[in-house]
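Residue numbers start at 1 and run along the sequence shown. Only a predicted model underlies this, so the values are computations on that prediction, with no experimental measurement involved.
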Amino acid sequence: TGRSNVGTTIMKSMTGYGRATASLENSTLTIQVNSVNRKTLDFSLSMPSAWEDLERAVRDAVRGAVSRGKVHVRIELTSEGGNSAVTWDDPAVKDTLRRLRATVEEEGIVFEPNSELVWQVANAHRQSGSTIEADAARETVVKTLATALVSFVEMRSTEGAALLEDFIARLTILQELAEKIAARAP
């Protein structure tokens, strides 16, 4: 039968989580990696907008460690005081709301923005308080991401081993039941 190598097969769960932190100048860099089930690799990333140049390095590192799953990487830089120093581009938020008002009123619709709409518009115009340039952060980001990915892959392997053990136990039960059925068959 093909079961002789089942116990030695490495099975990884597609769900997982990994986290790592590092000091970066006067701030704390935190990188979190999580995933859920997906047949192909679906990658998403959130990080300080000033670090967009690092996206390729982050994407390549994730692709080197993961081949399947919906993987999200979150990179945050928190100042020593504990704030992530997020601000909004106030003129852009006000301009967007003015333009929305003009657009809907042009259509004869009453514009009554609620707090959720204002929050969404403000978040669309988020600015990171990061004053650290991407090139200065690159080495620390790449090393910290590598640590987070190791933790992430280890968790997926641990969960995969538990899934494999459960699968084998269920398969054994099915095999025993099939043998009992076969013994009663004419």
Side-chain angles (χ1 to χ4, degrees), residues 1-24 27-78 82-84 86 116 119-120 123-124 126 128 130 132 134 137-186:
T1 67
R3 291 194 60 220
S4 61
N5 64 351
V6 171
T8 61
T9 302
I10 296 175
M11 183 172 159
K12 292 182 182 173
S13 172
M14 281 189 270
T15 60
Y17 177 81
R19 182 177 190 272
T21 61
S23 292
L24 184 60
S27 300
T28 300
L29 173 68
T30 303
I31 299 181
Q32 298 177 66
V33 181
N34 62 39
S35 71
V36 293
N37 192 4
R38 183 71 47 101
K39 288 182 181 181
T40 60
L41 179 60
D42 181 5
F43 172 79
S44 64
L45 172 65
S46 62
M47 67 179 166
S49 58
W51 292 358
E52 287 178 1
D53 290 349
L54 301 177
E55 182 175 351
R56 183 185 256 327
V58 172
R59 184 180 301 274
D60 290 347
V62 169
R63 281 192 178 137
V66 182
S67 61
R68 294 177 65 180
K70 181 173 176 50
V71 179
H72 180 69
V73 176
R74 181 173 184 84
I75 301 174
E76 292 180 320
L77 189 64
T78 308
N83 296 328
S84 57
V86 173
E116 182 178 345
W119 177 252
Q120 289 174 349
N123 274 328
R126 256 178 111 161
S128 170
S130 170
I132 301 170
R138 182 177 304 274
E139 183 180 342
T140 303
V141 168
V142 169
K143 285 181 181 178
T144 307
L145 176 60
T147 303
L149 284 169
V150 166
S151 174
F152 171 77
V153 170
E154 285 175 356
M155 180 181 184
R156 288 177 69 171
S157 294
T158 300
E159 181 66 19
L163 289 170
L164 182 59
E165 185 178 316
D166 180 64
F167 177 75
I168 290 171
R170 291 171 188 259
L171 188 61
T172 301
I173 292 169
L174 287 173
Q175 187 174 11
E176 289 169 359
L177 291 172
E179 289 169 3
K180 288 180 181 177
I181 292 170
R184 291 183 173 202

Quiz: residues 53-60 side-chain donor-acceptor pairs under 3.5 angstrom, not counting sequence neighbours:
residue : atom : partner : partner atom : Å
Glu55   : OE2  : Arg59   : NH2          : 2.7

| message | Which residues pass the salt bridge (Lys or Arg N to Asp or Glu O under 4.0 Å) test with Glu116, not counting sequence neighbours? | response | none
| So, for Trp51 and Ile75, which heavy atoms are closest and what is the spacing to 0.1 Å? | CZ3-CG2, 3.8 Å
| field | side-chain contact (heavy atoms from CB on, under 4.5 Å) between Asp42 and Val71, worked out | value | CA-CA 6 Å; Asp42 181 5; Val71 179; over 6 Å; no
| field | Side chain proximity check, Arg156 to Ser35, heavy atoms < 4.5 angstrom | value | yes
| remark: Taken to the nearest 0.5 Å, the spacing of Leu171 CG from Glu176 CD works out to 10.0 Å
| field | Side-chain touch Leu24/Leu77, heavy atoms, less than 4.5 angstrom | value | yes
| NE2/His72 to CZ/Phe43 distance, rounded to the nearest 0.5 angstrom? | 8.5 Å
| request: Might you point out which heavy atoms bring Ala137 and Ile132 nearest each other, and give the distance in Å? | output: CB-CG2, 4.0 Å
| field | Interatomic spacing from CG in Leu163 to OG1 in Thr158 - rounded to 0.5 Å | value | 11.0 Å
| task | Any chance you could measure Glu76, atom CD, to Thr30, atom OG1, to the nearest 0.5 Å? | result | 6.5 Å
| Would Glu139 and Lys143 pass as an ion pair if we require N to O under 4.0 Å? | yes
| task | To the nearest 0.5 Å, tell me how far Met47 CE sits from Ile31 CD1. | result | 10.0 Å
| query | Rounded to the nearest 0.5 Å, how far apart are OG1 of Thr140 and CG of Leu145? | reply | 12.0 Å
| Residue pair Ala134 / Ala50: nearest heavy atoms and the distance that separates them | CB-O, 3.8 Å
Using residues 15-23 as the side-chain source, report each donor-acceptor pair under 3.5 Å to any protein atom, sequence neighbours left out, with the distance given to one decimal.
residue : atom : partner : partner atom : Å
Thr15   : OG1  : Ser13   : OG           : 2.9
Tyr17   : OH   : Gln32   : OE1          : 2.9

| query | If only atom types and distance count, is the side chain of Arg68 paired as donor or acceptor with the main-chain N or O of Leu41 below 3.5 Å? | reply | no
